Amino acid sequence: MTAPLPARRIGILGGTFDPVHIGHLRSALEVAELMRLDELRLLPNARPPHRDTPQVTPQDRLAMVRHAVAGTTQLSVDARELARDKPSYTIDTLESLRAELAADDQLFLLLGWDAFCGLPGWHRWEELLQHCHILVLQRPDADVEPPFELRNLLAARSASDPTAMPGPAGHISFVWQTPLAVSATQIRQLLASGKSVRFLVPDAVLAYIEAHDLYRAST
Ligand code: ATP
């Protein structure tokens with residue numbers, strides 16, 4: 001009889017990644033190391049077609065994330081939300097991920113504080129913790145109260161040590177991180193005005209942007 005495989009620790013970080021930048025990547029790598037994850041998957045979100053950046057397709061966003069993580073063993077890309085033709089609910093993504101994992105594998109959903117506070121508006125939000133732990137990425141200087149609907153949940157499910165959340169799912173913990181002051185909005189604006197984004201994105205992403213002439217102001 002073969003010995004059972006040890007439980008894996010898998011994190012997921014969703015985003016539009018339009019484009020992926022060093023803020024996303026540093027944050028992801030730091031969490032992967034702190035949490036001793038086997039894998040942290042960057043998961044590009046589908047957007048309604050009218051909200052896609054002109055000239056940049058979902059396939060371009062995906063290709064840039066793939067280039068960005070190439071060679072970084074802890075980081076990978078999960079394209080399942082782009083394989084569908086409409087935006088996915090997180091609960092559906094988690095169910096789909098869970099169906100591929102062993103029952104005792106640990107799944108960590110990474111959320112910024114703002115996204116976490118918006119949780120009560122999410123489809124079937126009360127079921128999320130059946131499938132994953134939630135890791136809230138919080139800024140060290142933040143001093144904010146959670147919305148009323150989340151207080152009971154936090155009281156019942158909070159774990160003080162994010163690295164020691166037990167079991168495959170069900171707990172909430174916080175990681176304090178100082179984000180790099182870079183955003184995809186800033187990168188799109190720089191490119192649209194003909195400026196360089198070197199050092200804000202990995203060189204391979206910069207090469208892709210240049211080769212495909214992305215984010216330029218249309219003339
Ligand atoms: P935009 O400027 O287009 O709104 P963005 O740079 O915020 O984009 P998203 O793709 O929306 O990027 O972000 C995906 C995830 O990465 C979110 O959870 C977001 O909070 C986080 N994130 C964005 N920028 C940073 C950063 N500089 N450092 C750490 N995390 C970041």
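Only a predicted model underlies this, so the values are computations on that prediction, with no experimental measurement involved. Both counts, for ligands and for their atoms, begin at 1 and track the order of listing.
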Below the 3.5 angstrom mark, is there an N/O of Leu13, backbone or side chain, next to an N/O of ligand 1? no
Can you find an N/O atom of Ala184 closer than 3.5 Å to an N/O atom of ligand 1? yes
Between Trp113 and Phe174, how do the two ring planes meet: parallel, tilted or perpendicular, split at 30° and 60°? tilted
Below 3.5 Å, N or O to N or O, backbone or side chain included: is there any such pair between Val182 and ligand 1? yes
Contact between Arg26 and ligand 1, counting heavy atoms under 4.0 Å? no
I'd like to know if Gly14 contacts ligand 1, where contact means a heavy-atom distance under 4.0 Å to any ligand atom. yes
Please check whether Asp18 reaches ligand 1 - meaning an N/O of the residue sits under 3.5 Å from an N/O of the ligand, judged on distance alone. no
Starting from atom 31 (C) of ligand 1, find the nearest protein heavy-atom neighbour and note its residue, name and distance. His24 CD2, 4.2 Å
Among protein heavy atoms, which sits nearest to atom 2 (O) of ligand 1, and what does the distance come to when rounded to 0.1 Å? Thr185 OG1, 2.5 Å
N/O to N/O below 3.5 Å, does that happen between Leu180 and ligand 1? yes
Tightest non-hydrogen contact, residues Leu150 and Cys117, listed as CD1-CA, 3.9 Å
Before accepting this row, confirm whether a basic side-chain N of the pair Arg8/Asp104 lies closer than 4.0 Å to the acidic partner's carboxylate O. no
For residues Pro162 and Leu135, report the shortest heavy-atom separation together with the two atoms involved. CB-CD1, 3.7 Å
Any protein heavy atom under 4.0 Å from atom 22 (N) of ligand 1? yes
Taking NZ, NE, NH1 and NH2 as the nitrogens, is one of them in Asp38 or Arg9 under 4.0 Å from a carboxylate oxygen of the other? no
re atom 25 (C) of ligand 1, the protein heavy-atom contact at minimum distance is His21 CE1, 3.9 Å
If we number the atoms of ligand 1 from 1 as shown, the ones under 4.0 Å from a heavy atom of Arg188 are 3 (O)
